[in-house]
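Only heavy atoms go into these numbers, but all of them, side chains included; no hydrogens, no water, no symmetry mates. Just so it is clear: chains get the letters A, B, ... in the order the sequence lines come, proteins before strands, and each one is counted from 1.
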Amino acid sequence: MKHIYLDYNATSPVRPEVLEVMLPFYKEQFGNPSSVHWAGRQVSGALEKAREQVATLINASPAEIVFVSCGSEGDNMAIKGTLSALKNRGNHIITTSVEHPAVLETCAAMEKDGYDVTYLPVDSHGELDLADLEKAITAKTALISVMWANNETGTLFPIEEIGRIAKKYNIRFHTDAVQAVGKIPVDVQKANVDLLVISGHKIGAPKGVGAIYIRRGTRMTQFMHGGHQERNRRAGTQNVAGIAGLGKACELAGAELDSYSRRVRTLRDRLEDGIFSQVPEIKLNGTPFRDRRLPNTLNVSFAYIEGESLLLNLDMFGVAASSGSACTSGSLEPSHVMGAMCVEVTLAHSSTRFSLGPETTAEEIDRVLDVLPATVQRLRDMSPLYNCGRTAEGCETCETVRRL
Amino acid sequence: MKHIYLDYNATSPVRPEVLEVMLPFYKEQFGNPSSVHWAGRQVSGALEKAREQVATLINASPAEIVFVSCGSEGDNMAIKGTLSALKNRGNHIITTSVEHPAVLETCAAMEKDGYDVTYLPVDSHGELDLADLEKAITAKTALISVMWANNETGTLFPIEEIGRIAKKYNIRFHTDAVQAVGKIPVDVQKANVDLLVISGHKIGAPKGVGAIYIRRGTRMTQFMHGGHQERNRRAGTQNVAGIAGLGKACELAGAELDSYSRRVRTLRDRLEDGIFSQVPEIKLNGTPFRDRRLPNTLNVSFAYIEGESLLLNLDMFGVAASSGSACTSGSLEPSHVMGAMCVEVTLAHSSTRFSLGPETTAEEIDRVLDVLPATVQRLRDMSPLYNCGRTAEGCETCETVRRL
Amino acid sequence: MYTDKVMDHFTNPRNVGEIADANGVGEVGNASCGDIMKIFLKVENNIIKDVKFKTFGCGAAIATSSMVTEMAIGKTIEEALELSNQAVAEALDGLPAQKMHCSNLAADALHEAIKNYIAKNN
Amino acid sequence: MYTDKVMDHFTNPRNVGEIADANGVGEVGNASCGDIMKIFLKVENNIIKDVKFKTFGCGAAIATSSMVTEMAIGKTIEEALELSNQAVAEALDGLPAQKMHCSNLAADALHEAIKNYIAKNN
Ligand SMILES: Cc1ncc(COP(=O)(O)O)c(C=O)c1O
Ligand SMILES: Cc1ncc(COP(=O)(O)O)c(C=O)c1O
């Protein structure tokens, strides 16, 4: 069976060009970049090259890039490192209610340590009201942390405007750009961000490597203590192969950004339009304004059916997607992002994300459109919520479920 | 020129069998282990297999193994996670003065946060007096952190005895076993450790992956906040390829431990005996009792010459080693390990570590013994400290230098 | 994640649907957990002659629903009341730990349906 | 890390040794930093006729020592006093940042030797 991977926001395959760049560092060029001898010298250049490649993609200088082990580490470091360094400045953080857990859980941990956190609400499209942001700012606000693009819905945040507000009030600004970098143009100068986080495995580099942009002069307490690596900003022997791969992936992303985003947007629109014309009783999650959404992302709730069971049914056809259902989140609650957008709870359980990538083809999209309507119908026919006006018991027992 | 790599304590090449295990996860098996679909299912088994392989090597259960990004992260997590979870128990840490910076700098950061740290002294062999340890324990001691083997000298610590003391006083015990695992038998049950840290790149797995053993029931505050990975103990998408590689490397290390240690010990002894018989005015750093030292490690100071210049000269012959000289440590001071052992300061600057690995051959050792004496002599002839009784100026100007 | 038996019952669920003249109906779960199971019974002479189910929920919820209908059919209502969620999970060769709690309610739904039958017929 | 010029001077240092009848000797650095440089001068008619050095230190320390001897030879003592550590580093096409501070003292050692010569000969 042909596999159709539509879960690029979860992770992506390593691109062959990237793997090729990585392999020598597992073989002859195995040295520790801190070593002075031939083995160290063979690899230290690779780090600096990658730093340059990452910096170029986001319009930063190489010295402003620090390599970390994943997006989550970058977010932990940005938030904890800032709050600890700016302890005298204030104990207040502003973030949104739809951030990734790497930000939300870190903020929750900070609350336990006595910090105040404002979780800005979003509207039913998952969009932010900048007036809310400005109102939330106090004299004690040390950090604003707002993601560039939401991983579940693809909804974009107005990072440039937020950057202007942060600058106006002289507040440090961190953005989790894990889903944005490589998919849309990201420019740290234009956006006036101080801290920006990238994760390799979302853009064709391997799992286990990421980067954080730290604007020159930004004071941070270390998160990972130890040796002098990364100019004392992140201890631990560098993942040389992964870093070289991240550099290459950023170079490729930069070169292909235009063609990628046009192509993937066309395919995503084809999928979106196809689903909406063929499947009744569904709801788009995230902003309906396609220009304010990542070009590769579509999130839909199929009423009356639960997300995991839909995923597993699609999986039988080789189609990989993801869901905001509790069953796939590892918790008992459905996605907090759906909750923040006031998506009704069964619809939240049925939310399904299709995220496309550079290898996605029109044939794959058409195949999904072939199998999806019948799959949805099959599960609806199994659902006690569907057509329950006609069941023996009537609808009284479904009172917790509101309809579309 | 043939390269002779004698810096395995700094890092090691990825073993071909390990790379082979890793490669599929960069290609077809690229899924996110948290995903429910085929792409996720293809890889989640690999994590559990690796967990089992790591656990087996140290006599733990798979559920007690958490994957991290490097040894430094493991040490940060062990210390910070313990102190935060045991805040009510006490604010005192006991460690040694010869730990790796990943432990020492983390402890120093804790001191800034109001914790008390006892840095136990070592004797001139780098060995610990257990009476000092017991004396240092107070009612407020929350953690004992002692490395299993010192990275610079190879000196082993009496981990089983320390484990007994920790148990007697009911104090949590962490050991940085980055240099021990894979080189000597490590058994977390026998040693009664609660937390133990491993780094992949020291044992033939890639850089960017490590593991921490957390004894069942050990309460820890999270260090990396975010998603539910690693049963809520470490957030961030797992480095699947690296983890699979670490598992394989542990399996190989377990299978080969006896033959490896016999072989490498023979070669190390050949190097040690050769150097001591051929080069005058040198000093062994670390314990002279070879059974209390890692079988692969030799640390020698060559009087009158500075370590980096010796390394670079050896490098011209293709020989890679490392040094405790300030010039290679990234700071202005020579190695803190030499300092803690009261090694006189110029001898500390000249300390040179040879660390052997599974690929080291007798021919390589003999080649080093061929080139080393003349190289040392050449640098001594250039040194104002050598034979300075016969220089024009006499010795008064060298008063900071004590002789062997 | 799921055993072969779970996947078999999930992909080919037995006894899906409703029974128009059911004499016992039970429902458990709620939408906020993402699992609702509804069981329809046809009981004759104290014996479960027919069972059907409808389920909104994850793979485990659908598979346990299917399995419980297979296990219940032909049993007396007393025997059926002995069927536990645990027994259903075991018949499926086990469920992932995180599914034991909230998706493994099919036996409860069966019990509710039996109680409904008893209440109606006494 | 090091430029080709540094490596050249490090691997083939010029003017290593002592001058038995030196009329100026200077030493800088100290053992705890890991760098000691000693310069021997033979000055005739205010001109540096010969220079030799002995250095305990890292690659940069040895290369700068070697370079400063090459730069000093043939110069008047006034000209030699103008030679700066910076100029030596530049003549080597630069040094790594962390070496500029403590291993780049060769010109200082030369100046000490010249001062020693002046003191002895006045
Ligand atoms: C004893 C010891 N602990 C910790 C570390 C840190 O390991 P890593 O570089 O993987 O963070 C090292 C290696 O540098 C080490 O030798
Ligand atoms: C928006 C966002 N932030 C952070 C992360 C965390 O990245 P990683 O899994 O590399 O730690 C992810 C991916 O899961 C993400 O989508």
Side-chain angles (χ1 to χ4, degrees), chain A residues 301-317 323-335 338-339 343-351 375-403, chain C residues 1-2 6-42 52-66 69 95-104 109 112-113 116 120:
Chain A
S301 285
F302 300 88
Y304 317 125
I305 66 183
E306 189 273 344
E308 192 207 70
S309 61
L310 178 57
L311 289 195
L312 289 172
N313 270 279
L314 290 174
D315 188 44
M316 296 192 298
F317 297 103
S323 165
S325 150
C327 283
T328 61
S329 74
S331 72
L332 294 175
E333 302 260 295
S335 149
M338 298 300 137
V343 174
E344 185 274 326
V345 68
T346 47
L347 287 177
H349 279 293
S350 87
S351 70
T375 303
V376 169
Q377 193 55 47
R378 179 168 170 274
L379 285 166
R380 283 180 174 172
D381 287 339
M382 230 185 265
S383 170
L385 307 178
Y386 184 59
N387 275 346
C388 70
R390 280 181 281 128
T391 64
E393 283 299 279
C395 250
E396 320 84 74
T397 52
C398 322
E399 74 279 348
T400 55
V401 186
R402 275 175 280 130
R403 285 296 135 76
Chain C
M1 180 169 80
Y2 287 132
V6 172
M7 287 310 291
D8 174 36
H9 276 266
F10 170 68
T11 52
N12 302 297
R14 322 327 185 219
N15 307 308
V16 179
E18 303 178 7
I19 299 175
D21 58 346
N23 51 13
V25 179
E27 183 178 301
V28 296
N30 71 63
S32 68
C33 300
D35 286 294
I36 301 175
M37 298 174 185
K38 194 162 181 178
I39 295 268
F40 302 85
L41 291 181
K42 186 76 193 171
K52 289 217 182 300
F53 81 90
K54 281 210 160 179
T55 289
F56 168 88
C58 64
I62 290 173
T64 52
S65 304
S66 167
T69 61
L95 288 174
Q98 75 272 25
K99 300 289 184 182
M100 291 301 285
H101 174 63
C102 113
S103 309
N104 184 20
E112 288 299 313
N116 176 257
K120 278 188 185 162

Inset, instruction - Classify the side-chain pair A:Thr346/A:Glu344 by whether it contains a donor and acceptor separated by less than 3.5 Å. - result: yes
Inset, instruction - Identify whether the distance between the nearest side-chain nitrogen and carboxylate oxygen of C:Lys38 and C:Glu112 falls below 4.0 Å. - result: no
Inset, instruction - Quick one: list whatever passes side chain to side chain contact (heavy atoms under 4.5 Å, CB included) with A:Ser350, sequence neighbours left out. - result: A:Ser301, A:Leu347
Inset, instruction - Could you look at A:Met316 and say if it's the side chain, the backbone, both or neither that has a heavy atom under 4.5 Å from chain C? - result: side chain
Legend entry - Side chain, backbone, both or neither of A:Ile305 within contact of chain C (heavy atoms, under 4.5 Å): backbone
Inset, instruction - Mind checking side chain to side chain contact (heavy atoms under 4.5 Å, CB included) for C:Ala61 and listing every partner two or more places apart, or none if nothing turns up? - result: C:Asp35, C:Met37, C:Thr55, C:Cys58, C:Ser103
Legend entry - Contacting region of A:Asn313 [heavy-atom separation from chain C under 4.5 Å]: both
